[in-house]
Number of protein chains: 2
Amino acid sequence: MTNVSRALTALADPTRRTIFERLAAQPCAVGALARGLPVSRPAVSQHLKVLKEAGLVIDTPDGASRVYRIDPRGIGAIRHWLDQFWTDALDSFAAFAESKTKEDDKP
Amino acid sequence: MTNVSRALTALADPTRRTIFERLAAQPCAVGALARGLPVSRPAVSQHLKVLKEAGLVIDTPDGASRVYRIDPRGIGAIRHWLDQFWTDALDSFAAFAESKTKEDDKP
DNA sequence: GCGATACGTTAGTCATGACTTACCGTAAGT
DNA sequence: ACTTACGGTAAGTCATGACTAACGTATCGC
């Protein structure tokens, strides 16, 4: 399983996306994160584990607490993966659109 | 469920990612697509339905066949969503890295 | 040292979804 | 018209994973 595969799988879950977005806005500890979510704290811990293994977040011990923040490399990996198709997709779409217009000229 | 949500959910599945990547390389019909995959043709049809509802692919009838191609808008939506966090993530990471180096100076 | 707080982990439950088989509609070839 | 190829849909099975409750560990304040 590649990093991109793990990252996409991680971001597919709505709860994990919410966690990810909140961490993007502001680094946060697990408890504070769970208090603002409709799920239990262990659930948040498990989600953070998945996000961490996907390279999307980093954790830093801070006393008894533990602060989580965004890891730019995770986002970068997905961006890079998408960019592989971006130009191809635009070309393919442009060719398709043109063939469409030519077809419309026929009648 | 937003478009980005659907797109991320769609690309989380390995089989759908393979289909998506093959369509990015070359537009293709359902049968030809299924022949190169370890799953049945109905399964491919179901995956294509998900990818289509996510705005990631477009289908065009071609006689008895039906050609699927990449829809750039789907990729664009994910890129735009990621870019929301990109700069924030870099800033956050830079600040974190700096606080780390200062901490290393202490001892 | 002791209670309290903050996290991670485990075990177990339950729902989601990926897959196959069977079936039905549609378009091209003979 | 009949047959063949292409593709979407329905029903049913099975595995994955999201969640909770309970437990164990480490850190801070008294």
Side-chain angles (χ1 to χ4, degrees), chain A residues 1-23 26-71 103, chain B residues 1-23 26-71 103:
Chain A
M1 205 178 188
T2 74
N3 292 337
V4 175
S5 175
R6 269 191 284 263
L8 287 172
T9 303
L11 291 179
D13 183 77
T15 304
R16 271 196 298 262
R17 263 201 309 277
T18 302
I19 292 176
F20 182 74
E21 292 175 356
R22 297 209 181 171
L23 289 182
Q26 178 190 25
C28 191
V30 181
L33 213 48
R35 243 166 273 134
L37 290 172
V39 296
S40 69
R41 185 193 52 74
V44 175
S45 260
Q46 292 167 0
H47 283 311
L48 286 171
K49 183 180 182 180
V50 175
L51 288 170
K52 182 181 175 182
E53 289 175 350
L56 288 166
V57 302
I58 315 175
D59 61 325
T60 311
D62 177 29
S65 184
R66 181 170 284 265
V67 177
Y68 282 82
R69 30 174 62 81
I70 296 285
D71 187 345
E103 186 176 303
Chain B
M1 204 178 187
T2 73
N3 292 338
V4 175
S5 176
R6 269 191 285 261
L8 288 173
T9 303
L11 292 180
D13 183 76
T15 303
R16 268 193 303 259
R17 263 201 310 277
T18 303
I19 293 177
F20 182 74
E21 293 174 355
R22 298 209 180 171
L23 289 183
Q26 177 190 25
C28 192
V30 181
L33 213 49
R35 245 167 271 133
L37 289 172
V39 296
S40 69
R41 185 191 51 74
V44 175
S45 259
Q46 292 166 2
H47 283 310
L48 286 171
K49 183 180 182 181
V50 175
L51 288 170
K52 181 181 176 182
E53 289 174 349
L56 287 166
V57 302
I58 314 174
D59 60 325
T60 311
D62 177 30
S65 183
R66 181 169 284 265
V67 177
Y68 282 82
R69 31 173 61 81
I70 296 287
D71 187 346
E103 186 177 303

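In what follows, chains are A, B, ... by sequence order, proteins preceding strands, each numbered from 1.
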Q. Do any side-chain nitrogens or oxygens of A:Tyr68 fall under 4.0 Å of OP1 or OP2 in C:dA6?
A. no

**Q.** Minimum-distance pair of heavy atoms, taken over all atoms of A:Ala34 and A:Arg41
**A.** CB-CA, 3.7 Å

(Q) Determine whether a donor-acceptor pair (N or O, by modelled atom type, separation under 3.5 Å) exists between the side chain of B:Arg17 and the backbone of A:Leu8. (A) no

Q. Would you say the side chain of B:Leu33 lies within less than 4.5 Å of the side chain of B:Tyr68, judging by non-hydrogen atoms?
A. no

Q. Is the shortest side-chain N/O distance from B:Ser65 to OP1 or OP2 of D:dG7 below 4.0 Å?
A. yes

(Q) What's the closest nucleotide to the side chain of A:His47 if the choices are D:dC19, C:dA18, D:dG7? (A) D:dC19

Q.
Could you tell me how far apart A:Leu48 (CG) and D:dA18 (C1') are, to the nearest whole angstrom?
A. 14 Å

Q.
In whole Å, I'd like the distance from the CZ atom of B:Arg66 to the C1' atom of D:dG7.
A. 8 Å

Q.
In this structure, how many angstroms lie between the P atom of D:dG17 and the CD atom of A:Glu53, rounded?
A. 12 Å

Q.
Going by side-chain contact (heavy atoms from CB on, under 4.5 Å), B:Leu23 matches just one of B:Leu48, B:Ile58, B:Leu56, B:Asp71. Which one?
A. B:Leu48

(Q) From CZ of A:Arg16 over to P of D:dT16, roughly how many Å is that when rounded to an integer? (A) 16 Å

Q: Rounded to the nearest angstrom, tell me the gap between atom CG in B:Leu33 and atom P in D:dC6.
A: 14 Å

Q: Please state how far atom CG in B:Leu51 lies from atom P in D:dG8, giving the value in whole angstrom units.
A: 12 Å

Q. What are the two closest heavy atoms between A:Ala10 and A:Val50, and how far apart are they?
A. CB-CG1, 3.9 Å

Q. Counting side-chain heavy atoms from CB outward, which of C:dG8, C:dA6, D:dT9 is closest to A:Ser45?
A. C:dG8

Q: Can you tell me the distance, in whole Å, between the CZ atom of B:Arg17 and the P atom of C:dG17?
A: 16 Å

**Q.** For the student: nearest non-hydrogen atoms of A:Ala12 and B:Thr9, plus distance
**A.** O-OG1, 3.7 Å

Q. Roughly how many Å is it from CG in B:Asp62 to P in D:dA5, rounded to a whole number?
A. 18 Å

Q. Of A:Asp59 and B:Thr15, whose closest DNA chain C nucleotide lies nearer the 5' terminus?
A. A:Asp59

Might you list the N or O atoms of the protein lying below 3.5 Å from N or O atoms in nucleotides 20-22 of chain C, with each pair's distance?
| residue | atom | partner | partner atom | Å |
| --- | --- | --- | --- | --- |
| C:dT20 | OP2 | B:Ser40 | N | 2.7 |
| C:dT20 | OP2 | B:Ser40 | OG | 2.7 |
| C:dT20 | O4 | B:Gln46 | NE2 | 3.2 |

Q. Within a radius of less than 6.0 Å around CD of B:Gln26, do more than 12 heavy atoms belonging to other residues, nucleotides or ligands occur?
A. no

